[in-house]
Amino acid sequence: MPRTSSAIVYNTLKAKIISGELLAGTHLREEELAVSLGCSRTPVREAIRQLEAEGLIEFSPHRGARVTSWTDEDISQVFHMRLLLEGRASRLAAERIEDHHIEKLEVLATEMERICKSSQKDRFTQLTELNNAFHGLIHEASLETMLVSTLRGIVQVAMVKNTFSLYSKEQLQRSMNHHRELIAALEHKDPEWAEAVMHCHIRSARWVIQPRA
């Protein structure tokens, strides 16, 4: 059997969880996954361990590994943490961001806007990946290692619940507009502006996911 690295298995399983192909509560059996992915059980075990550490998979001795199920309260807590931490990341990024970050953000924003207007079947998965990259660049530009590490896990939780398929056309456009305004705030190196726009962006996303929250 060909040797498949745990990184490949990890990325494959993660993509399936985030896209919703593997639903919350789905039981993950190492042997079945190894067969379907054409690898041994070792990389599957390693990938599951990593995804468990990131909160995407939960494990119990009696039930085994399952895709994590998120309650409304869990999601509320995640969005509250994002408000605090991504607001701070945006503020710091405005003070420290470099030109190459701005250029990459522009490219990502343009590509997301293009996909929003397309009818591609996988457009929502593409938007999720690009959106994650957009936010990740802002986190990276903050130059706060611990903050970046913490946010990586928190944003992934929101990604699982926050599929762009839930957005109306108007809500999607508002999200894209927030991205453009974030770039403008970062270009002007205005911490207060950047933090305020990020807060609006996250609150807007929460009302899509939890309209009664």
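Residue numbers count from 1 along this sequence. All of these numbers come straight from a predicted model, not from anything done at the bench. All values below come from the heavy atoms of this structure, side chains included, with hydrogens, waters and symmetry mates left out.
When all heavy atoms are compared, the tightest approach of C39 to V44 is SG-CG2, 3.7 Å. Listed here is the closest heavy atom pair of M198 and G87: CG-N, 4.2 Å. Scanning all heavy atoms of the two residues, the minimum distance from H178 to V197 falls at O-CG1, 3.7 Å. Smallest separation of non-hydrogen atoms from G25 and R66: O-NH1, 3.2 Å. Contact between L182 and A194 at its shortest, heavy atoms only, is CD2-O, 3.6 Å.
When atom types are taken as modelled, the side chain of T128 and the backbone of F124 share a donor-acceptor pair closer than 3.5 angstrom. A donor-acceptor contact shorter than 3.5 Å links the side chain of S118 to the backbone of I115.
Every residue meeting the side chain to side chain donor-acceptor pair (under 3.5 Å) condition with R29, not counting sequence neighbours, appears here in chain and number order: H27. Applying the side-chain contact (heavy atoms from CB on, under 4.5 Å) test to T26 and every residue at least two apart in sequence or in another chain returns L22, L23, L28, V67. In this structure Q77 satisfies the side chain to side chain donor-acceptor pair (under 3.5 Å) test together with E73, sequence neighbours excluded. For E192, the salt bridge (charged side-chain N to carboxylate O under 4.0 Å, His left out) criterion is met by R91, not counting sequence neighbours. For L84, the side-chain contact (heavy atoms from CB on, under 4.5 Å) partners at least two apart in sequence or on another chain are H80. Remark: H101 engages no residue in a ring pair (Phe, Tyr, Trp, His ring centres under 6.0 Å) (not counting sequence neighbours). Evaluation of the side-chain contact (heavy atoms from CB on, under 4.5 Å) rule for A89 yields H139, S142, L147, L151 as partners, not counting sequence neighbours. Legend: residues meeting ring pair (Phe, Tyr, Trp, His ring centres under 6.0 Å) with H199, ordered by chain and number and at least two apart, are absent. Applying the side-chain contact (heavy atoms from CB on, under 4.5 Å) criterion to R203, with sequence neighbours excluded, gives L83.
The SG atom of C200 lies 12.0 Å from the CG atom of N177; values are rounded to the nearest 0.5 Å. Taking CG of L51 as the start and OG1 of T68 as the end, the distance is 9.0 Å to the nearest 0.5 Å. For the atom pair CG of L105 and CD1 of I97, the computed distance is 5.5 Å after rounding to the nearest 0.5 Å. Separation of atoms NE2 (H188) and CD1 (I183) is listed at 13.0 Å; rounding is to 0.5 Å. Atoms CG and CD, on N131 and E111 in that order, are 13.0 Å from each other to the nearest 0.5 Å. Between the SG atom of C116 and the CG atom of L127 there is a distance of 4.5 Å, given to the nearest 0.5 Å.
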Inset, instruction - List the steps and the verdict of side-chain contact (heavy atoms from CB on, under 4.5 Å) for S175 and H201. - result: CA-CA 7 Å; S175 182; H201 186 52; 3.2 Å; yes

Legend entry - side-chain contact (heavy atoms from CB on, under 4.5 Å) between L143 and L92, worked out: CA-CA 8 Å; L143 302 181; L92 292 172; over 6 Å; no

Inset, instruction - Mind running side-chain contact (heavy atoms from CB on, under 4.5 Å) on H179 and M112 for me, showing each step along the way? - result: CA-CA 10 Å; H179 288 165; M112 280 188 278; 3.4 Å; yes

Inset, instruction - Using the side-chain contact (heavy atoms from CB on, under 4.5 Å) rule, take L130 and F134 through it: C-alpha gap first, then chi angles, then the decisive distance, then the call. - result: CA-CA 6 Å; L130 291 167; F134 185 94; over 6 Å; no

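Counted by atom type alone, T110 and E113 present zero donor-acceptor pairs between their side chains at under 3.5 Å. W193 and E181 form a side-chain donor-acceptor contact under 3.5 Å, judged by distance and modelled atom types alone.
With a 4.5 Å cut-off on side-chain heavy atoms, Q126 and Q120 count as touching. Here the side chains of I8 and P43 are not in contact, with every heavy-atom distance at 4.5 Å or above. Side-chain atoms of V9 and L33, non-hydrogen and from C-beta on, never get closer than 4.5 Å to each other.
Enclosure of atom CE in M81 is not indicated, since only 12 or fewer non-hydrogen atoms of other residues, nucleotides or ligands lie within 6.0 angstrom.
Contacts classified as salt bridge (Lys or Arg N to Asp or Glu O under 4.0 Å) and involving residues 94-103 (residues at least two apart or in different chains) are given here: R96-E144. The salt bridge (Lys or Arg N to Asp or Glu O under 4.0 Å) contacts involving residues 31-43 comprise E30-R41, where partners must be two or more places apart or lie in separate chains. Screening residues 16-26 for salt bridge (Lys or Arg N to Asp or Glu O under 4.0 Å) gives K16-E21 as the qualifying pairs, with residues at least two apart or on separate chains.
Hydrophobic clustering keeps L137 apart from V148 (ILVMFWY residues linked when any side-chain heavy atoms are closer than 4.5 Å, directly or through intermediates). The hydrophobic clustering, which links ILVMFWY residues whose side-chain heavy atoms are closer than 4.5 Å, places F59 and Y10 apart.
R49 has no carboxylate O lying under 4.0 Å from a charged side-chain N of E46, or vice versa, which leaves the two without a salt bridge. At a threshold of 4.0 Å, the pair E106-R180 counts as salt-bridged, since one of the basic side-chain nitrogens sits closer than that to a carboxylate oxygen.
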